[in-house]
Amino acid sequence: MSALPRAEHVDFGYRSGSLRSRFASARLPLRVLGVSALLLGLAVAVAVAAIRYGDYPLTAEQVLSTLLGGGEPFHRIVVLEWRLPVAIAAVAFGALLGLGGAIFQSITRNPLGSPDVIGFDAGAYTAVVVVTLVVGSGGTWSIAAAAIVGGLATAFAVYLLAWRRGVQGFRLIIVGIGVAAMLGSLNSYLITRADITDAMSVGFWSAGSIARVTWSSLTPSLVLGTVIVLAAIALSPALKRLELGDDAAITQGTRPGPVRLALLVLGVATTALVTAAAGPIGFIALVAPQLARRITRSAGVSLLAASAMGAALLAAAHLLSLLIAQVYRSIPVGLITVCLGGLYLIWLLIRETRRQAGAPR
Amino acid sequence: MIQTAPAAAPAPQHPGLHRRRAIGLVLLAAALVLACLASLAVGANPLSLEQVWRGLTEPDRSEASLIVWTLRIPRTVVGLLVGAAFGVAGALIQALTRNPLADPGILGVNAGAGFAVTVGVGVFGLSGITGYIWFAFAGAALATVLVYLIGAAGRGQVSPVTLVLAGVALGAVLGGFSTFLTLIDEQTFRSLRSWGIGSIALTDLDDTASVAPFLIVGLLLALAIAGPLDAIALGDDLAASLGTEVGRTRVLGIVAVTLLAGGGTALTGGIGFVGLMVPHVVRWFTGPDQRWILATSAVAAPVLVLLADVLGRMIARPGEIEVGIVTAIIGAPVLIALVRRSRAAGL
């Protein structure tokens, strides 16, 4: 860092620090950074705490000593081989979903735009149903490939159908709902015609669970996830400029069309990755950016804060599912996120309606 | 915002409009008769019209007579009743919420019924359609009221998207609970995977007879409030100044929708998109008069349901595709076309 003379103080509307060096300078939104660090810390802590629970409960000391390299051989297998990948998946997948949701909400300029709302999950589910029940190949990799292809194709179709001299958030959402309804009825048709065991296994997949994640399925996801995150970081300045409107973005040297397409691909890729590995985990992408925005009190959607919030949410849902399994029976984490996320969406809608009714028209 | 151009209370009389409405109604009635005949004749074992007629008029032990009376008559009756119920319920919701995208299925009524039935089967050990009916009714009614309350939290003027999303959110939550209940117990999964798709083939005449009174009360109630609904299309304040009792009309309307959608869902498991499509098609020739829209929807919707059912029987012969799947595959493109239209884009 060189000692450049301090520039005149500019009020950005939030507390910020600045970082200057010979090669680059950056304005640091302190609250966003602080909140994100806090949330990530929370996510990791919750995920580590969740390692304790399962069919073979461990104490906190046993978990910590095993993670730090000690512990009995059996504990090492339980913690490092079985539960650590799941814990990492909770944090990493949550962060990816939050990132994808933030990108989508920013592009559609709509708090309700998220990959699962625009029919990605429905498409992935249909493809998996077709591959397992009709084609009859139910291996992990064919399911993962089917989920990605089906989800991408559906998201693409929804986007095209909603296209009419540009894409409006509202149209995108309703078209997504229509396509999802159509695919949903196709799914139920195929499921009623299938063998009961196959149908149940597809049903379990559709509930979305990270409990089956192992190192061998996690590692490729993590590698691809890192690529996605790096690409998102590279594109985030362009995303900020697009939020100002297409015209403003053009004047700042951003080409809206290609950038938006690249961002869409990234947003869908996050969901595709998670869905392939764990099945559809709904509503994290929808909820995380909004909650993050409330906590950081920022005007727009922050990619970093949304990812951190997604990680914290999925880790918490994972812990909750394990705690419920202790007293009742195991519940796929996807069902927990769907139920809680749906309730949050309902609350959000009521609040928005109230606010609009209160505002002068 | 308003889908239907508001008609002044005593509508100016257009001779052309009257003729169009009358011709439309006659054509629809003829189509309904044809649809009923098709529904009686087409199936895994196709019958000629002559056989259908003989089976109908001279019930004996012949195969044709048995097929007509035990299989085809019950499903045709269910199709007629349920079609009218969903069509009128859709027209009512669209008028009450001034929302062209409203439909009992989209608004989560099916999910409510499905949830209640799942609880009934998974927790209380129900079995058979007869047992499902009352649970489905309660669940559908609850979902209707909940969605309306969520959507109406902002007093009257609800944005169409908000209402649809409220339905989707409620559907997601209830669907999540239902999935959980079916996944923890294979027996529940087995008995429920075919319910909720929307079939008119599984219900017998006794069950239909026990739900029919609710549907008929709902239909009459809907026709009774059709006049005030026209005024509500102008906006609540204007309607009140025209002497309409807005609050009472809304409450009666919601009661009617609950009876119709709840009863229809109880009998079939929910047939989506009928309530969405039919009022839109009907408005082409009736214009914005709610009395005509409701009455014509009651005739047109059964045509759609019966024809969709016949189509489902013809495509997958000798098996069949449930009517709810056929209507979803026809209806989703209609929904998409509606939001793509420039007028709806301004909503």
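First the proteins, then the strands, lettered A, B, ... as listed; each starts at 1. Since the structure is predicted, the reported quantities are computational estimates derived from the model, not experimental observations.
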Cut-off 4.5 Å, heavy atoms of chain A, and the answer for B/L146 is neither
Please name the pair of heavy atoms, one in B/F189 and one in A/M200, separated by the smallest distance, quoted to 0.1 Å.
CG-SD, 3.2 Å
State, to 0.1 Å, how close A/M182 and B/P333 come at their nearest heavy-atom pair, and which atoms those are.
SD-CD, 3.9 Å
When only pairs under 4.5 Å are counted, which of [options] shares the most heavy-atom pairs with chain A?
options: B/G171, B/A172, B/G331; answer: B/A172
options: B/G176, B/G175, B/A337; answer: B/G176
options: B/I184, B/L335, B/L183; answer: B/L183

What I'd like to find out is whether the side chain of B/E322 reaches to under 4.5 Å of the side chain of A/S185, using heavy atoms alone.
no
Are A/I346 and B/L170 close enough that some pair of their side-chain heavy atoms sits under 4.5 Å apart?
yes
Residues from [range] approaching chain B under 4.5 Å (heavy atoms):
range: residues 278-292 of chain A; answer: A/F283
range: residues 313-321 of chain A; answer: none
range: residues 334-345 of chain A; answer: A/L335, A/V338, A/C339, A/G342, A/L343, A/L345

According to side-chain contact (heavy atoms from CB on, under 4.5 Å), who are the partners of B/A301, at least two apart in sequence or on a separate chain?
B/V274, B/V278
With chain B as the partner, which of A/T197, A/V179, A/L161 has the greatest number of non-hydrogen pairs under 4.5 Å?
A/L161
Which bit of A/A180 is near chain B, if near means a heavy-atom gap under 4.5 Å: side chain, backbone, both or neither?
neither
Using 0.5 Å steps for rounding, measure from the CD1 atom of B/I329 to the CG atom of A/L186.
5.5 Å
